[in-house]
Amino acid sequence: MQKKLKLWDAIMLVMGSMIGSGIFIVSADMMRNLGSAYWLIVVWLITGIMTVAAAISYGELSALFPKAGGQYTYLTEIFGKKMGFLYGWGLFTVIQTGTIAAVAMAFGKFTAYLVPWLNDAAPIFQSGEFQITWIQILAILVIILLTYINTRGVESGKLLQNIFTGSKILALLGLIALGFILVDFSHLAENFRLGTDAFNNLDKDIKGNFLQTGWESISGMALLGGIAAAMVGSVFSSVAWESVTFVSGEIENPKKNVVKAMILGTSAVMLLYIAVNFVYLNALDRDSIAFAANERVAVSASQNIFGNAGTVIIAVLVMVSTFGCNNGLILAGARVFQTMAKDGLFFKSAVENNKNQVPENALWMQGIWASVLCLSGQYGNLLDMISFVIVLFYMITVFGVIYLRIKKPDLERPYKTWLYPITPMVYLLIGTGFCVLLLIYKQQYTWPGFLMVLIGLPVYYFINRRKD
């Protein structure tokens, strides 16, 4: 593969793939689970520490295996083809494609702020609860457009990525600065004056809308459950940074630049996320964050910062953010499926590059399945299920660093994990706590996604039935 991506391009891919729609939405649900400004910031700090710890740990593997496929390649090299396939299966069926679908739908929903007709138009097709709307069609058109742009070559994709990622970083920095300058009345002291006690409010009416019926104090194991539930949102907003490892084969000096891109990119994004949450706490009181209309806490905050123009400003920002995020996900994901095809674990036609030296067939396969998920209307449920699975695969990969150190201590390591073994252990401890608490308190986030990955086992044995 041609080395057309420089360090800056790789950093933009990391940051662009991470910053999608989550940061503009998830803090509402997190506040309902926690009810405390202190705990909201603590959860974002915990998520930041575990994300950067994982990136630092992945750096050692990216330097050992500096080729396309990234996390799939690492798992295959360390634990064998079966583990690599299960990850790739999950990535294609829901992790990468489901994320692409959800981010495209977020683009469509925020576009509807600027074009109300999209919200008001009758469904194109409806049968019972299943329906196809113009917002879904717009989401599919975005996926098709970005897939087409990426079939034109890596340079087309990287130019788009750099422009849109740079734009949304500048916009977020502007939102952070103006969120303290333009707000008429600051709620920051008020929110922190409520103290470190955690509260929880999850009462709903018969239509499923959250009720502002007061807050119930929680502590002990209930507080840990609230933290785990809140982390589903912060973790979802902080994944996809590993996409840069999928295109290692196209990055200049991948042994050094992939490591730098992951560490610098994840650190910068997590600092932005924490700062944005301080903006929410400055512009809104606790109830306004927790019960923001349609979960869109960023819209509520923007209205307090910019007045009536706030809705338009945040809608444009989310459109830019989700468009750039999807470009990064689409650019990177297809490289994994191409690598799987070369290993005989995916459709053979995904192996070939087109005349522009990109895996066009793999790109279209990914785009078509992501479009189907848009039509299904189930992409949101799928993503709820897979936060647990994503963290599990992160943990297995981070454990791979320790496993290789023990099994193959003499391997030449161009980069060694900083503060080893503390850094990988920090991630494994936080990740284990997160997964165990979800298994106890929020099983709807765990077993469905885990079973979805396990379905890949019979598929693996079917594919390999003639090879044994």
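Bear in mind the structure is a predicted one, so any value in this text is a computation, not a measurement.
A heavy-atom distance below 4.5 Å is not found between the side chains of D343 and F85. At a threshold of 4.5 Å between non-hydrogen side-chain atoms, the residues V426 and M50 do not count as touching. Inter-residue side-chain proximity for L404 and L64 is flagged as met; some heavy-atom pair is nearer than 4.5 Å. Taking 4.5 Å as the limit, every side-chain heavy atom of V389 sits out of range of all side-chain heavy atoms of Y87. At least one side-chain heavy atom of C435 sits under 4.5 Å from a side-chain heavy atom of M395. Inter-residue side-chain proximity for K67 and T73 is flagged as met; some heavy-atom pair is nearer than 4.5 Å. Residues I135 and F110 have side chains not in contact (no heavy-atom distance under 4.5 Å, counting atoms from C-beta outward). Side-chain atoms of P424 and T417, non-hydrogen and from C-beta on, do get closer than 4.5 Å to each other.
Note that the CG atom of L118 and the OG1 atom of T111 stand 7.0 Å from one another [nearest 0.5 Å]. To the nearest 0.5 Å, atoms NZ (K260) and CD1 (I251) are separated by 12.5 Å. Distance check, rounded to the nearest 0.5 Å: NZ of K158 to CG of L5 gives 6.0 Å. With values rounded to the nearest 0.5 angstrom, R335 atom CZ is found 11.5 Å from S248 atom OG. Rounded to the nearest 0.5 Å, atoms OG1 (T147) and CD1 (I330) are 4.0 Å apart. Separation of atoms CE (M270) and OG (S237) is listed at 8.0 Å; rounding is to 0.5 Å.
Between A171 and L317 the shortest heavy-atom distance is CB-CD1, 3.2 Å. Between N361 and A350 the shortest heavy-atom distance is CB-CA, 4.2 Å. The minimum heavy-atom distance linking S234 with M30 is given by the pair CB-CE, 3.7 Å. The shortest non-hydrogen separation linking N326 to T99 is OD1-O, 4.4 Å. Residues A229 and D29 approach most closely at O-OD2, 4.4 Å, considering heavy atoms. For the pair A370 and A101, the tightest heavy-atom approach, listed with the atom from each and the gap, is O-CB, 3.5 Å.
Within 6.0 Å of the CD atom in E352, the count of heavy atoms belonging to other residues, nucleotides or ligands does not exceed 12. Annotation for F347: atom CZ does not count as buried by contact number, only 12 or fewer foreign heavy atoms lying within 6.0 Å. The number of heavy-atom neighbours closer than 6.0 Å to CZ of F306, taken from other residues, nucleotides and ligands shown, is above 12.
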TODO: Check step by step if side chain to side chain donor-acceptor pair (under 3.5 Å) holds for Y420 and E60.
DONE: CA-CA 10 Å; Y420 177 89; E60 184 165 318; over 6 Å; no

- [ ] Quick one: do K256 and N253 satisfy side-chain contact (heavy atoms from CB on, under 4.5 Å)? Show the steps, please.
- [x] CA-CA 6 Å; K256 291 185 177 178; N253 195 3; 3.6 Å; yes

Task: Steps toward side-chain contact (heavy atoms from CB on, under 4.5 Å) verdict (T245, V258) - done: CA-CA 7 Å; T245 69; V258 174; 4.2 Å; yes

Open item on the list: Quick one, T93 with T97, criterion side-chain contact (heavy atoms from CB on, under 4.5 Å). Give me CA distance, side-chain angles, the key distance, then yes/no.
Closed with: CA-CA 7 Å; T93 54; T97 51; 5.7 Å; no

- [ ] Please report the C-alpha distance between L281 and I41 in whole Å, then the side-chain angles of each, then the deciding distance to 0.1 Å, and finally whether the side-chain contact (heavy atoms from CB on, under 4.5 Å) criterion is met.
- [x] CA-CA 10 Å; L281 293 168; I41 297 301; 3.9 Å; yes

Open item on the list: Evaluate E360 against K355 for salt bridge (Lys or Arg N to Asp or Glu O under 4.0 Å), listing each step before the verdict.
Closed with: CA-CA 9 Å; E360 181 171 351; K355 63 181 181 181; over 6 Å; no

- [ ] Let me see the working for Q71 and T397 under side chain to side chain donor-acceptor pair (under 3.5 Å), right down to the final yes or no.
- [x] CA-CA 7 Å; Q71 191 170 352; T397 310; 3.1 Å; yes

TODO: Go through the steps to decide whether Y58 and W241 satisfy the test ring pair (Phe, Tyr, Trp, His ring centres under 6.0 Å), and finish with yes or no.
DONE: CA-CA 11 Å; Y58 271 51; W241 50 267; 4.8 Å; yes

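In this structure, Q136 contributes its side chain and T133 its backbone to a donor-acceptor pair below 3.5 Å. Between the side chain of S17 and the backbone N or O of V14, no donor-acceptor pair lies under 3.5 Å. N354 places a side-chain N or O within 3.5 Å of a backbone atom of T151 that can act as its donor or acceptor partner. Checking side-chain atoms of K255 against main-chain N and O of P66 turns up no donor-acceptor pair under 3.5 Å. A donor-acceptor pair under 3.5 Å is formed between the side chain of S376 and the backbone N or O of L373. At least one donor-acceptor pair closer than 3.5 Å links the side chain of S321 to the backbone N or O of G20. A donor-acceptor pair is defined here as one N or O able to donate and one able to accept, closer than 3.5 Å; no such pair exists between the side chain of N191 and the backbone of A37. A side-chain donor-acceptor contact under 3.5 Å links T165 to the backbone of Q161. With hydrogens and angles ignored, the 3.5 Å screen pairs a side-chain donor or acceptor of R286 with a backbone N or O of G35.
Salt-bridge formation is detected for the pair E252/K6: a Lys NZ or Arg NE/NH1/NH2 atom is positioned less than 4.0 Å from an Asp or Glu carboxylate oxygen.
Both tests do not hold together for R296 against F24: distance to the six-membered ring centre under 6.0 Å, angle to the ring axis within 45°.
A tilted orientation is assigned to the rings of F323 and F107, their planes being inclined by 30° to 60°. A parallel orientation is assigned to the rings of F346 and F337, their planes being inclined by less than 30° (bins at 30° and 60°).
When the side chain to side chain contact (heavy atoms under 4.5 Å, CB included) test is applied to S36, the partners found at least two apart in sequence or on another chain are Y38, W39.
In this model, a donor atom of one side chain and an acceptor atom of the other lie less than 3.5 Å apart for N150 and N327. Checking Q338 against N353 by side-chain atom types alone, a donor-acceptor pair falls below 3.5 Å. With 3.5 Å as the limit, one finds a donor-acceptor pair spanning the side chains of Q303 and T311.
Results of the side-chain contact (heavy atoms from CB on, under 4.5 Å) test with F434 over V391, L392, I227, I46 single out V391 as the only residue that passes.
For residues 263-283, the set of pairs meeting the side-chain hydrogen bond (donor to acceptor under 3.5 Å, both in side chains) definition, not counting sequence neighbours, comprises S27-N277, W44-N277, S186-N282.
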